[in-house]
Protein chains: 2
Amino acid sequence: MATTPPPPVKNSLLKLESQICFPVYAVSRLITKAYQPLLQALDLTYPQYLVFLLLWEHEQLTVKELGEKLLLDSGTLTPLLKRMEQKQWLSRRRDPRDERSVIIALLPAGRALEAQAQQIPLQMLDKMQMSEAEITALRTHLTHLLTQLA
Amino acid sequence: MATTPPPPVKNSLLKLESQICFPVYAVSRLITKAYQPLLQALDLTYPQYLVFLLLWEHEQLTVKELGEKLLLDSGTLTPLLKRMEQKQWLSRRRDPRDERSVIIALLPAGRALEAQAQQIPLQMLDKMQMSEAEITALRTHLTHLLTQLA
DNA sequence: CAAAAATAAATTGTGCACAATTAAACATTA
DNA sequence: TAATGTTTAATTGTGCACAATTTATTTTTG
């Protein structure tokens, strides 16, 4: 009795489920969505929150420094920072000693947000339901990938 | 001799470097950038490539099915699929048996792209420089997070 | 010093990503 | 079956994200 030929095996590397890239892409968007209700209470978007994490730590930074730390360019940062400036969270001014640079400095309203953001990291950790060990392992692999691709 | 008081320790959870979320966000964008030169040769964006991965495997899917698999809604997919339709890569038509659904079907020009995309996964693996074990571990942690957040 | 090169932001244009709303088709049920 | 509710896309509006270009300033170099 003749057997039917085996079905042609698709190049499994071209399947969505074989990709490592898709989970990264999907998880990244899901994380942003998980932040959303927490950040909405502060009238913040996720990239704006990242800018604040840096400003709460450093008080003031140039656009270039923000870009280096966040891996974003001025095409993204300039309009984002203008929106944050409009809300009086930060100031944008040229560095008098090098007029090419723009210094972004925290304003009182921006500094005040830090207190309201205190709970966010723990709330996110709670949503993610990952052990300390898992998080460390994940971060290790991701930072490896990051240095590989940056 | 009086010791200086310890510097006030910033809530380390509110530092960018403590966050697991930032590496995911940054790596996701870096991966997209790494794909860019490879996909540009096929006139594709990364989300369009993801749609093709599914269509190459399934030949035709509804917008709803694409959305479920990619975790994207019609607000993102409709304009994206219209652009792909304009390039004659796929067709969009209502399902005659349920006019609410729109069936996305591969067209010859879209099917032809599969051959040209064959090399992409290996080229990406090469760029990422990760061992099989690392990739598996990373995917495991990410899919865990994905189910946790989805 | 003047010309050329490099640097830092801003601008322009395209394409996601998503919340919120709308519209149409279908399913359920009173 | 008419009214109600559900499902599926499309639409609208906002905010990234990034490539490519432009502008202004500073640095380097011939």
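No experiment lies behind these values; they were computed from the predicted model shown. Below, chains carry the letters A, B, ... as their sequence lines are ordered, and counting in each starts from 1. Heavy atoms only: backbone and side chains are in, while hydrogens, waters and symmetry mates are out.
For Glu99(A) and Arg94(A), the salt-bridge test fails: no basic side-chain N is under 4.0 Å from an acidic carboxylate O. Electrostatic pairing of Lys64(B) and Glu68(B) counts as a salt bridge here, judged by a charged N lying under 4.0 Å from a carboxylate O.
When the nearest nucleotides of DNA chain D are assigned to Val63(B) and Pro96(A) by heavy-atom distance, the more 5′-ward of the two goes with Val63(B).
Of the side-chain N and O atoms in Lys82(A), one or more sit less than 4.0 angstrom from OP1 or OP2 of dT11(C).
The footprint of chain A on DNA chain D, defined by a heavy-atom cutoff below 4.0 Å, extends from dG15(D) to dT26(D).
One N or O on the side chain of Gln19(B) and one on the backbone of Leu13(B) form a donor-acceptor pair closer than 3.5 Å. When atom types are taken as modelled, the side chain of Ser28(A) and the backbone of Val24(A) share no donor-acceptor pair closer than 3.5 angstrom.
Counting any heavy atom pair closer than 4.0 Å across all strands shown, Leu77(A) reaches no nucleic acid atom. Contacts of Thr76(B) with the nucleic acid, taken as non-hydrogen atoms under 4.0 Å apart, include base atoms.
Partner of Pro47(B) under the side chain to side chain contact (heavy atoms under 4.5 Å, CB included) criterion, out of Leu70(B), Thr32(B), Leu80(B): Leu80(B) alone. If you run side chain to side chain contact (heavy atoms under 4.5 Å, CB included) between Val27(A) and each of Val27(B), Thr143(B), Leu71(B), Leu145(B), only Leu145(B) comes through.
Among residues at least two apart or in separate chains, ring pair (Phe, Tyr, Trp, His ring centres under 6.0 Å) pairs with a member in residues 87-116 of chain B are Phe52(B)-Trp89(B).
Less than 4.0 Å separates DNA chain C from at least one heavy atom of each of the following residues of residues 32-47 of chain B: Thr45(B), Pro47(B).
Atom CG of Leu146(A) and atom NE2 of His141(A) lie 14.0 Å apart (nearest 0.5 Å).
Taking atom CG of Asp98(A) as the reference point, atom P of dA8(C) lies 8 Å away to the nearest angstrom. Atom CG of Asp73(B) and atom C1' of dT22(C) are 14 Å apart (whole Å).
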